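See structure below.
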Amino acid sequence: MGLPGDGRSPRLDAFYAAEAAYLAGGMDDSQAREAFRNCFTADVVVREPESLPYGGEWHGREGVERLMRRLREVFDAAAFDDRRTFECGDTVFMAMRSRVRSRATGRRMTNSVLHRIELRDGLIAVMEIFHWDPAAIRELIDPDEGP
């Protein structure tokens with residue numbers, strides 16, 4: 001299991017802190033671009049569930065930037081708590097609680113999330129995101145959609 005200071009957690013901690021700051025408006029696009037560039041390989045692939053309004057495959061650092069801008073359109077606050085890191089070689093599993101607030105509705109929710117992360121040269125090369133309840137996320141954003 002990864003522990004703080006193991007050489008992997010600081011990079012992941014930097015990503016989660018940058019994402020939360022960016023979604024809350026604490027970073028502009030230029031600051032976020034620099035922060036994310038230091039976390040991802042040039043050919044990174046990030047996968048979000050297709051059923052979410054920001055779902056799909058996001059390729060390259062520019063894809064990560066587009067995903068983050070899309071997330072910022074959907075959420076205006078985020079926090080990633082109770083993170084637990086499990087390592088299997090260069091693959092890291094990050095289990096956490098995600099707390100978000102919908103920009104459209106002002107409603108909040110907490111959701112369990114698992115990230116499967118492949119590292120290359122200490123940078124995130126692949127990130128697959130698994131949400132416990134994607135239907136609740138859709139309802140949070142648009143209550144008329146429902147589960």
Side-chain angles (χ1 to χ4, degrees), residues 1-104 108-142 147:
M1 179 176 359
L3 300 171
D6 66 5
R8 294 175 193 261
S9 292
R11 182 78 55 154
L12 298 175
D13 289 345
F15 163 68
Y16 294 115
E19 182 179 16
Y22 180 68
L23 295 181
M27 277 187 184
D28 63 26
D29 287 343
S30 176
Q31 292 168 317
R33 181 176 304 111
E34 186 62 29
F36 296 137
R37 187 165 300 279
N38 292 324
C39 297
F40 294 95
T41 62
D43 62 345
V44 62
V45 176
V46 178
R47 296 181 184 98
E48 285 274 8
E50 292 284 346
S51 62
L52 295 175
Y54 45 85
E57 283 196 1
W58 303 85
H59 295 267
R61 290 178 177 142
E62 295 77 16
V64 170
E65 291 172 26
R66 286 192 309 278
L67 170 60
M68 292 300 149
R69 283 193 301 272
R70 181 65 185 123
L71 287 168
R72 192 176 194 176
E73 292 171 4
V74 173
F75 303 113
D76 63 4
F80 308 101
D81 302 317
D82 301 324
R83 290 196 317 263
R84 308 244 189 250
T85 305
F86 305 91
E87 294 183 22
C88 297
D90 286 333
T91 300
V92 177
F93 295 88
M94 181 74 73
M96 69 191 80
R97 298 252 184 235
S98 170
R99 293 182 295 119
V100 295
R101 184 175 60 211
S102 167
R103 186 174 295 282
R108 298 174 182 268
M109 75 171 286
T110 300
N111 190 35
S112 294
V113 181
L114 177 72
H115 290 182
R116 189 186 72 77
I117 301 165
E118 295 176 21
L119 298 171
R120 185 178 341 118
D121 299 326
L123 298 173
I124 300 168
V126 175
M127 179 181 278
E128 293 180 321
I129 302 163
F130 303 91
H131 298 273
W132 176 255
D133 194 349
I137 296 171
R138 289 192 312 273
E139 185 175 358
L140 174 78
I141 296 163
D142 182 2

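Please read all numbers here as calculations on a predicted model, not as lab measurements.
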Can you tell me how far the [atom1] atom of [X] sits from the [atom2] atom of [Y], to the nearest 0.5 Å?
| X | Y | atom1 | atom2 | answer |
| --- | --- | --- | --- | --- |
| D29 | Y22 | CG | OH | 3.5 Å |
| L23 | R103 | CG | CZ | 8.5 Å |
| L119 | L12 | CG | CG | 6.0 Å |

### Query
So, are D81 and R97 salt-bridged, with charged N and O less than 4.0 Å apart?
no

### Salt bridge R37-E34, side-chain N to carboxylate O under 4.0 Å
no

Residue pair [X] / [Y], side-chain heavy-atom distance below 4.5 Å:
| X | Y | answer |
| --- | --- | --- |
| E118 | R120 | no |
| E128 | V126 | yes |
| W132 | L114 | no |
| S102 | M109 | no |

Between [X] and [Y] (side chain of the first, backbone of the second, donor and acceptor by atom type, cut-off under 3.5 Å), is there such a pair?
| X | Y | answer |
| --- | --- | --- |
| R11 | N38 | yes |
| R99 | R108 | no |
| R33 | E65 | no |

### Task
Answer yes or no for R116 and F130: cation-pi contact, defined as NZ/CZ to six-membered ring centre under 6.0 Å and angle to ring axis within 45°.
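Ring-cation test returns no.
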
## Note on the structure
Tightest non-hydrogen contact, residues A104 and I141, listed as CB-O, 4.0 Å

### Message
Filter on salt bridge (charged side-chain N to carboxylate O under 4.0 Å, His left out), then keep only pairs touching residues 17-28, sequence neighbours left out; what's left?
### Response
none

### Message
Show every salt bridge (charged side-chain N to carboxylate O under 4.0 Å, His left out) that has at least one partner inside residues 48-59, sequence neighbours left out.
### Response
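Qualifying pairs, neighbours excluded: R47-E57.
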
### Message
Check the orientation of F15 and F40. Use parallel for under 30°, tilted for 30 to 60°, and perpendicular for over 60°.
### Response
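The arrangement is perpendicular - the two ring planes meet at more than 60°.
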
### Query
Given the side-chain rings of Y16 and H115, with only the six-membered ring counted for Trp, is the space between their centroids under 6.0 Å?
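For Y16 and H115, the ring centres are under 6.0 Å apart.
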
